[in-house]
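Proteins come first, then strands; the chains are lettered A, B, ... in the order of their sequence lines, and each starts at number 1.
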Amino acid sequence: MTPAGSLLLAKDLRKSYGSTPALDGAEFSIHPGEVVAVMGPSGSGKSTLLHCLAGIVTPDSGSILYNGRELSSMKDAERSALRRSEFGFVFQFGQLVPELTCTENVALPLRLTGVRRKEAERTALSWMERLEVEDLGNKRPGEVSGGQGQRVAVARSLVTSPRVVFADEPTGALDSLNGERVMQLLTEAARSTNAAVVLVTHEARVAAYSDREVVVRDGKSRDMMLEHSV
Amino acid sequence: MSIGHTLLGLLESGPRHGYDLKRAFDEKFGHDRPLHYGQVYSTMSRLLKNGLVEVDGVEAGGGPERKRYAITEAGITDVEAWLKQPEKPEPYLQSTLYTKVVLALLTGRSAGDLLDTQRAEHLRLMRILTDRKRRGDLSDQLICDHALFHLEADLRWLELTAARLDQLATEVRA
Amino acid sequence: MNRLRDLTLGARFALTGGREGWTRTLMTAIGVGLGVALLLATTALPGALSARDARDNARNDYGAGQETPAAADTMLIARTDTVFGGDDVRGRLVQPEGDRAPVPPGLSALPAPGTMVVSPELRDLLKSPGGKLLRERVPYKITGTIGDAGLLGPHELAYYAGSDSLKGHKTLSSNRIDIERIKTFPDKKPGEPIDPILALLIVIIFVVLLLPVAVFIAAAVRFGGDRRDKRLAALRLVGADSRMTRWIAAGEALAGSLLGLGLGTVFFLIARQYVGEVTIARLNVFPSDLNPSVALALLVGVAVPAAAVGVTLFALRGVVIEPLGVVRTSVPRPRRLWWRLLLPVVGLGLLIPMFDKGRDTGFYNQTQVIGGTVLLLIGVTALLPWLIETVVRRLGGGGVGWQLAVRRLQLNSGAAARLVNGIAVAVAGAIALQMLFSGIEGDYVKSSGEDTARAQLVVPMSSNLSKAEQERREENLKAVPGVTGTTTLGNVGLHTPNPDDQKYVEMAVGDCRALREVGELPSCKDGDVFVAAGGEFGGDGAAPGAKLLFESAWVGDRKGPETPYTVPRDARTVQARPDPLGTKRGGLLATPGAVRKFTKISVYYTTYVTTRPGDGTAADRVLNAAWRDDPFTRARALNDVKTATKFSGVRRGLYIGAAAVLMLIGTSLLVSMLEQLRERKRLLSSLVAFGTRRTTLSWSVLWQTAVPVTLGLTLASGVGLGLGAVLLRMVGRPIHIDWPSVAGMVGIGGAVVLLVTALSLPPLWRLMRPDGLRTE
């Protein structure tokens, strides 16, 4: 694998919040179907790296190429559209919309891209089956357990058949058994659709579900894949 | 692991032949390393000598593998005592890795690199185990998990040490 | 004792609970403060009005004692009230008849002849260039200022001028300003029974304005409730039981409301300073008159904190606070309809027995009125949660924004209902009031019948004027710039000769052009006499050939001889026509030639003046010209509608009051919306991560407010119209729906929603920035 085949390729990213540097020269690459763990102690800049890669945050400098296109030169609306259709997201605390049912939560990204309700919910249900939470369809997030909720969140991240799934500490709020199950389902589902997964975690056992890891320390990261190819 | 106690425990459910014992052992606990027949017979004769098992019968044809063993009352007591006794926790005080780190610091080599390499190696093994866990059954998962947790503990130590390398450097050089 | 301890503990949390606790307490305090200020203002209003009445009574000079003989303690007084530029000017000419003559309040001594004391506002007006025309009518030298005791409000226009010519005019005719002799101020017992319908109106206004304020205060003490609940959960963790946490919460609300009482008093005192500058419905009061009655102020002081505690305990009734930071609403029961319907039904039951009492039987049981109205309006707050829950449960379909809003409402329709309740009550009450207003407007806003298309001013002349003097004065009026024409009609009284069955007969005297103003003449030449048919009065004894007597003229203090008059046999009968003042005269219409030979009769001349349209000052110039010829003239401008401006002022006041209340409630809507948004910061950020558009979430915010508000306004319109209909029936008026005012109120309610949404969008967009995703 070479950087040329990378789906997402970031070089020399820098980003500060106020006077605090969050990223100070980070690099990253990922290929289609690959699961890459972003590791590092808390506060090292893992989440910021993920936010930059997903086009949620614009870095102060550096380049991020997605499919050959420079993310930072895109307009906000374009990046939003990209996130809607090509990216999926899983967060630490699920961040399911509490008033929507689980099915509606899963269908939400599809609905945002303009898919009609019925169809979106049908697709949502098939993903919920794959994640073994189809029974929760009519429940609200407040009525399901943390592990179930996180599986619903994973289903939601995959429902648009994204090319990249960004998972930020997806097991952070779960016990290890539930966490393992979520990781297993996430990586299997992603592999089956050839989606790449950017997995931010500080847990080695979660990272072990990845194909390789990129370590962030003090806002700096080295991607071995890039080094080898140079 | 005490092979004697394990074989005794297997006998508790009923008398078995020697080769039965070996097969049962391999199936449940042997994963990486199957028992040698010799090991089984030497252990059984020791147990016989100590009165923990007795020969229940011998099949025609003779030979040690034809003997059928049964556990004695003393044997049952012995298994029970073994199960009751907690295993001594491993103190892990003699760590090669620690030695390496300190030496790297003393000799002015990059301890950080050393830790990074080690981490990559640990993760590589963890990936293999995770993969095997994914394919295997419950016993596979439990065994792999045991190993994974240990490796994770090592990794945490690596992280912690990496975060305190500067402090350590000033101490060992003082 | 324990409760007291928990309450004080809660109060301490409210004041020392760090920045967050402080913000919450302050929000509550400001909200309660605004409400309390409004409450104090309304409770002070009756006092202010009665203080105004007292001032009015203290200077009253409408006595019955005209027959009092002149003495050392009497004085002659002439009421020279006028209107300048649409504003009333209260004027009095005074002439003491001895050294113990009474001095009106606000004056230290009576002004000397040719001088006057004026109100500060009139002084400023007369000194300004804008007051030049008025100065011509009030030319006296200013020697002093009327003190506050002699004025109704700081902006009243008033003067007392000294005169030495009143004595000679004492017995002038009724066409001129009255001159009376009085002994004291006040010259009449104060206090005249208040019109029961007006009393009803005032009661309803109070209920309608105060009820939403109460609802608002109830909402204000719940500001920041969700975060508070989390804090309470932490208290449970360290061992407080659930009863204790409730009382602690009540203590927090109590602290906020007490602080709010203080703030409210301050707000009220500040606002009171400016009340003198405001004139609503010609009502202008002194700040010092705006004093809440002690009893009502005490009631506010007790009721508000008590309500704060009560509301909090009531609100926490359905909430289970668990130690582990979990706050669950106990199994939500579907809302039942029957007891919610009970409130308005009982309210109606209280009001219906008072149907058709009209103003004849005269009085309404106030308790019953207040009870019925309050129950009906409270019924809105009881029905609305049920209505919202029921409707929202059935909603579906639509885009993502709609879905988010609907689902949120389904999950917590109670919160939405709480917020909209205030708006609904205010709108319902205001609609009912507007309906009642327009229904009884006919009683208070009478068309005066005066036709301003035919004449703009009327100048009555004194009797005993020679024809030449009358013509000279008419020429003077014609010469005034801006005057386009004059018409003069004379008036002579006759009666039938039989003393036992005397009938009064009017005779209008004027040229053919003038007579056409009062009768439909087919043809006319000088010397003609007509009999007017269909007149309102004075036509009974008039017929061709009838023998009549002219009313004798007063000569000095005695009646003159009665001159006989025979109506010509050839007098034609014509249809009477209303004159420019709206009166349909009956009797005789005579051209000057027909009565020229009767020189002894006295004719009251009245000149109608038309002015150039759009000339705003012509009227004042005409009044000045009339004044120059006769300082006691009753010349005045014509008015299509009497008291119309006054009444529209009250309605305008109601609009302003309702808008203020709605704004107040809008702020609480906004606060809770912002609070909700802040609470969902991370969720919002995650939605942005998915690529959710701003517009989607903005729509969801709009729907989330608009749906309950629409339901609330619909219910409010229904209840408001119902209450309005009931009130109209109570005063015995036909039910008539005043759609523009319904639309106006609903429009204001809708505008509040839009405003709240618009104001919550910038914070929403700020929260939608990805910073919210950062966990550290």
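For chain C, the nearby part of A/R156 is the side chain; its heavy atoms alone come within less than 4.5 Å. Proximity to chain C involves both the backbone and the side chain of A/P98, based on heavy atoms less than 4.5 angstrom apart. Interface remark: A/F87 contributes no atoms to any contact with chain C (heavy atom separation under 4.5 Å). C/L409 does not touch chain A: none of its heavy atoms, backbone or side chain, sits under 4.5 Å away. Interface remark: A/R116 contributes no atoms to any contact with chain C (heavy atom separation under 4.5 Å). Proximity to chain C (any heavy atom under 4.5 Å) is restricted, for A/L96, to the backbone atoms N, CA, C and O.
Between A/S29 and the choices A/L65, A/L9, A/V214, the side-chain contact (heavy atoms from CB on, under 4.5 Å) rule is met once, by A/L9.
With respect to A/K220 and A/D24, a salt bridge is recorded, a charged nitrogen being found less than 4.0 Å from a carboxylate O. The pair C/R394-C/E389 does not meet the salt-bridge criterion, since no charged nitrogen lies less than 4.0 angstrom from a carboxylate oxygen. Using a 4.0 Å cut-off between a side-chain N of Lys or Arg and a carboxylate O of Asp or Glu, A/E99 and C/R408 qualify as a salt bridge. Salt-bridge check for A/E104 with A/R111: failed, with every basic side-chain N at 4.0 Å or more from each acidic carboxylate O.
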